[in-house]
Amino acid sequence: MGRRGIQAEGWDGSRTGLVSGVGRAGECGGVDATHRRLQETEKDMETIGFIGLGIMGAPMAGHLLDAGYTVVASDHRSKPPADLVAKGLKTVSGHSAVAKMADIIITMVPDTPQVADVLFGENGVASGLTRGKLVIDMSSISPIETKEFAKRINDVGCDYLDAPVSGGEVGAKAASLTIMVGGEERAFERARPMFEKMGKNITLVGPSGVGQTTKVANQIVVALTIEAVAEALVFASKAGADPAKVRQALMGGLAASRILEVHGERMIKRSFAPGFRIELHQKDLNLALEGAKALGVALPNTSTTQQLFNSCAANGGAKEDHSALVRALERMAGCGVGE
């Protein structure tokens, strides 16, 4: 079910516009070469079903539309964003209908129960699948449940990839996401051209579930680094230093990091509109702590950071950006770092 048309993609990835069908001898084979390139482009352009057009999902789907893919979404709970509809997004009623129309189905929803419902609930994706389709979950969910989801999808003759992402809203909008993939290599190679429209660092890490395990590890690193930056800036402020100048100085040394750069600035400027909400990071750290318990692994600093997120949520900050973790430390210090 590829997208059909007479617009082709140039050798450099740019859109070439209308192809006249007239070629000159000696120019890449003339008409025959042009026809072959069109066939290859059409073959690659599989129809994509996209379920979960939220803060992250909407710009990701937008990049696929911009690249020329036919994208189908469900109007299950709300109408899709108008800007995506203007780009050509098609809508159908129900997740099963999405699966019937699409070759590849992507889910991008908040948590494990939502993925289970989208895939296997009433009128879910699984009920609309036929052999040979590919299901990709790009949510951040339980690695253990992911393995079971993959088995159930495989049992109906379809491939499954878990492909959670990192980079937040900024990365989604810039098509610069890190994509961590678990599953079979053949499915990964099938999905790779599509992943390349949404991200930059794309890695097949291992079998089903390993993509989600990698994402949990990523969220541990991110949370603890946010906490470290917050502690440093609160300490500096309490000691009478200018947190903005301290951050500027630290950016030139070994303490420099993307989180110090982006989230340190958010803390100072009090810019806590969500790129990634505290409540979602709480969910991810819960996955880490539950997994650690099952594995017999101690994650002491992850546990402490989760308590700070819990404090923020208890004080009304669950929907703020995770950089707002600094508020919990500010309350304990009786000192703020912001402008």
Side-chain angles (χ1 to χ4, degrees), residues 1-4 42-53 57 60-61 64 67 69-74 76 89-165 179-199 202-215:
M1 264 189 221
R3 179 166 177 151
R4 297 295 183 261
E42 290 182 351
K43 181 181 68 175
D44 289 342
M45 290 304 209
E46 296 187 280
T47 297
I48 310 300
F50 208 112
I51 299 171
L53 299 174
M60 291 164 68
L64 296 176
Y69 285 96
T70 295
V71 181
V72 182
S74 170
H76 179 66
L89 180 74
K90 301 180 185 304
T91 58
V92 294
S93 181
H95 304 322
S96 179
V98 172
K100 288 175 182 177
M101 287 190 65
D103 304 300
I104 299 174
I105 301 93
I106 296 173
T107 56
M108 185 64 172
V109 296
D111 204 350
T112 309
Q114 286 79 30
V115 175
D117 182 59
V118 165
L119 294 180
F120 307 112
E122 185 178 356
N123 199 30
V125 165
S127 65
L129 292 175
T130 51
R131 293 185 68 85
K133 297 194 175 188
L134 170 60
V135 176
I136 305 174
D137 178 37
M138 302 189 78
S139 319
S140 297
I141 67 168
S142 164
I144 295 171
E145 293 296 319
T146 289
K147 293 177 183 179
E148 178 60 26
F149 296 164
K151 182 180 183 303
R152 292 177 69 178
I153 296 298
N154 293 158
D155 286 346
V156 298
C158 298
D159 285 323
Y160 187 96
L161 295 174
D162 51 293
V165 302
I179 305 177
M180 302 155 264
V181 188
E184 296 291 334
E185 185 170 1
R186 69 175 183 276
F188 174 73
E189 290 302 329
R190 179 180 177 183
R192 186 197 290 272
M194 183 190 61
F195 287 151
E196 289 174 347
K197 304 303 181 186
M198 299 182 287
I202 303 159
T203 307
L204 177 62
V205 187
S208 293
V210 175
Q212 295 294 352
T213 296
T214 306
K215 177 59 187 289

- Message: Are there over 12 heavy-atom neighbours, none belonging to E184, within less than 6.0 Å of that residue's CD?
- Response: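 No, CD of E184 has 12 or fewer neighbouring heavy atoms, counting only those of other groups under 6.0 Å.
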Residues forming a salt bridge (Lys or Arg N to Asp or Glu O under 4.0 Å) with [X], sequence neighbours excluded:
X: R186; result: D159
X: D111; result: none
X: E189; result: R192
X: K90; result: none

- Looking at residues at least two apart in the chain, or sitting in another chain, which of them share a ring pair (Phe, Tyr, Trp, His ring centres under 6.0 Å) with Y160? none
- Item | Contacts of type side-chain hydrogen bond (donor to acceptor under 3.5 Å, both in side chains), residue T146, not counting sequence neighbours |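 If we apply the side-chain hydrogen bond (donor to acceptor under 3.5 Å, both in side chains) test to T146, skipping adjacent residues, there are no hits.
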- Task: Mind checking side-chain hydrogen bond (donor to acceptor under 3.5 Å, both in side chains) for T213 and listing every partner two or more places apart, or none if nothing turns up?
- Result: none
Sequence neighbours left out, what passes side-chain contact (heavy atoms from CB on, under 4.5 Å) with [X]? Give chain and number order.
X: A191; answer: L134, I136, L161, M194, F195
X: L204; answer: V181, E185, F188
X: S142; answer: T112, I144, E145, L287
X: T214; answer: M180, V205, V210

- Message: Does anything in residues 101-133 form a ring-ring contact (aromatic ring centres under 6.0 Å, His included)? List the pairs, not counting sequence neighbours.
- Response: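 For residues 101-133, and leaving out neighbouring residues, the ring-ring contact (aromatic ring centres under 6.0 Å, His included) pairs sorted by first residue read F120-F149.
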- Taking every heavy atom of V71 against every heavy atom of A61, the minimum-distance pair comes out as CG2-O, 4.4 Å
